[in-house]
Undergrad: 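I'd like to ask you about the structure that follows.
Proteins come first, then strands; the chains are lettered A, B, ... in the order of their sequence lines, and each starts at number 1.
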There are 2 protein chains.
Amino acid sequence: MCADTIAFETHHDHSQCIEQAMDEARSLCKARSLRLTPIRELVLKLVWQSHKPLGAYEILPALAEAGFNSAPPTVYRALDFLQEQGLVHRIAMLNAFIGCPHPDDAHHGCFLICRHCNTAVEADSSAAEALIREQASALGFTTEQQSIEVLGCCPNCQERA
Amino acid sequence: MCADTIAFETHHDHSQCIEQAMDEARSLCKARSLRLTPIRELVLKLVWQSHKPLGAYEILPALAEAGFNSAPPTVYRALDFLQEQGLVHRIAMLNAFIGCPHPDDAHHGCFLICRHCNTAVEADSSAAEALIREQASALGFTTEQQSIEVLGCCPNCQERA
DNA sequence: TCTTGTTTTGTTATAGTATAACGGAACATT
DNA sequence: AATGTTCCGTTATACTATAACAAAACAAGA
Ligand SMILES: [Zn+2]
Ligand SMILES: [Zn+2]
Ligand SMILES: [Zn+2]
Ligand SMILES: [Zn+2]
């Protein structure tokens, strides 16, 4: 499973990650009586197939190849749906999307993004999230949504250098 | 001064904030032997005049009015310069820019953005920043830059409701 | 099955954000 | 004045995202 424990592990069997993510998505949608349509399923799979966050326009050609309409609204609608269900996250600094490894449970993730190889992993950030929420609260600000994104150098790229 | 202490204070004399920010910018550039050209100075002033984060294309008309060229590269160059010097920050979730109230000292800020009135304030987030840095480090990830952005409801808008 | 209301998708157009590339002007230094 | 550097003007274009409306697919009751 593509979880925090194997963050930045390059040698794992990623097809396993993908399959599990797709299974979870299917059961999650079923449980919520939502339709994981072919387009949505394909978009989710494409996002998962990349360890790098994927831009919306990088997804379009694959949709076309699969015989679907491939105009921007198609992919953005699918991404909107997947985001609403917590199946993918959007990384604002990159205008790109990445699959969430634990879409079922409420969680607060931060993204560690490598400047060199462009991989990104979602790490738990509950503690930081709580801290920020408290500090904001002290200023009278009610937190509804947080985005924590970190640029830097991943262990693999450090080793290479 | 438009600092954390008066975050979300609507009734302060903002012209004071602006003047102080401009003074600081001038001395900071002088100290660094950099040129705070008329365009850069105007862009910084425009950003400061708004309590809401300002999009690049919202700045262009004012540049035109002031007699400058007003094509996108003009404002993006100025914003790039101001960002590099820490005089403004970019808020990724909004594609918008906001003046930094303490550009001289190294600091880690997070942005509290109100969904209702669109104001944003920069609050100190050193503690959260350190926490995240440590957690990333534990995964072998070297942090170079962090972005913490918080959406929610500011005290003024809560009072109104 | 037929009807009807709802959700999803196709399609076209357009809005919004950001950068590439190159020439010319302004500036600083000698 | 000559020279190298930085900054700006200008045009074009890339990239990201949404509006609007029609057609199709689906779900559920009559
Ligand atoms: Zn997640
Ligand atoms: Zn890397
Ligand atoms: Zn700042
Ligand atoms: Zn507000």
Undergrad: Are side-chain heavy atoms of B:W48 and B:P101 found at a separation under 4.5 Å?
TA: yes
Undergrad: Quickly work out the B:L60 CG to C:dT17 C1' distance and round it to whole Å.
TA: 11 Å
Undergrad: Treating primed atoms plus P, OP1 and OP2 as sugar-phosphate and everything else as base, which nucleotides of nucleotides 10-18 of chain D get B, S or - for protein heavy atoms under 4.0 Å?
TA: BB----BBB
Undergrad: Round to the nearest Å and state the distance from A:F68 atom CZ to C:dG10 atom P.
TA: 8 Å
Undergrad: Please state how far atom CZ in B:R40 lies from atom P in D:dT6, giving the value in whole angstrom units.
TA: 11 Å
Undergrad: Any luck finding a side-chain donor-acceptor pair between B:H107 and B:E122 under 3.5 Å?
TA: yes
Undergrad: Is the distance between the ring centroids of A:F97 and A:H89 under 6.0 Å?
TA: no
Undergrad: When the distance from CD1 of A:I39 to P of D:dC26 is rounded to whole Å, what number comes out?
TA: 12 Å
Undergrad: Would the number of heavy atoms belonging to other residues, nucleotides or ligands and lying under 6.0 Å from NZ of A:K52 be above 12?
TA: yes
Undergrad: Over how many whole Å does the gap from B:L34 atom CG to D:dT5 atom C1' extend?
TA: 14 Å
Undergrad: Atom CD of A:E84 to atom C1' of C:dT8: distance rounded to whole Å?
TA: 13 Å
Undergrad: What integer distance in Å separates B:L36:CG from C:dC27:P?
TA: 14 Å
Undergrad: Could you tell me if A:Q146 and A:R133 have a donor-acceptor pair between their side chains, going purely by distance under 3.5 Å?
TA: no
Undergrad: Please check the phosphate of C:dT6 (OP1 and OP2 only) for any side-chain N or O of A:R35 closer than 4.0 Å.
TA: no
Undergrad: Taking the inter-plane angle between the rings of A:F141 and B:F8 on a 0 to 90° scale, is it parallel (under 30°), tilted (30 to 60°) or perpendicular (over 60°)?
TA: parallel
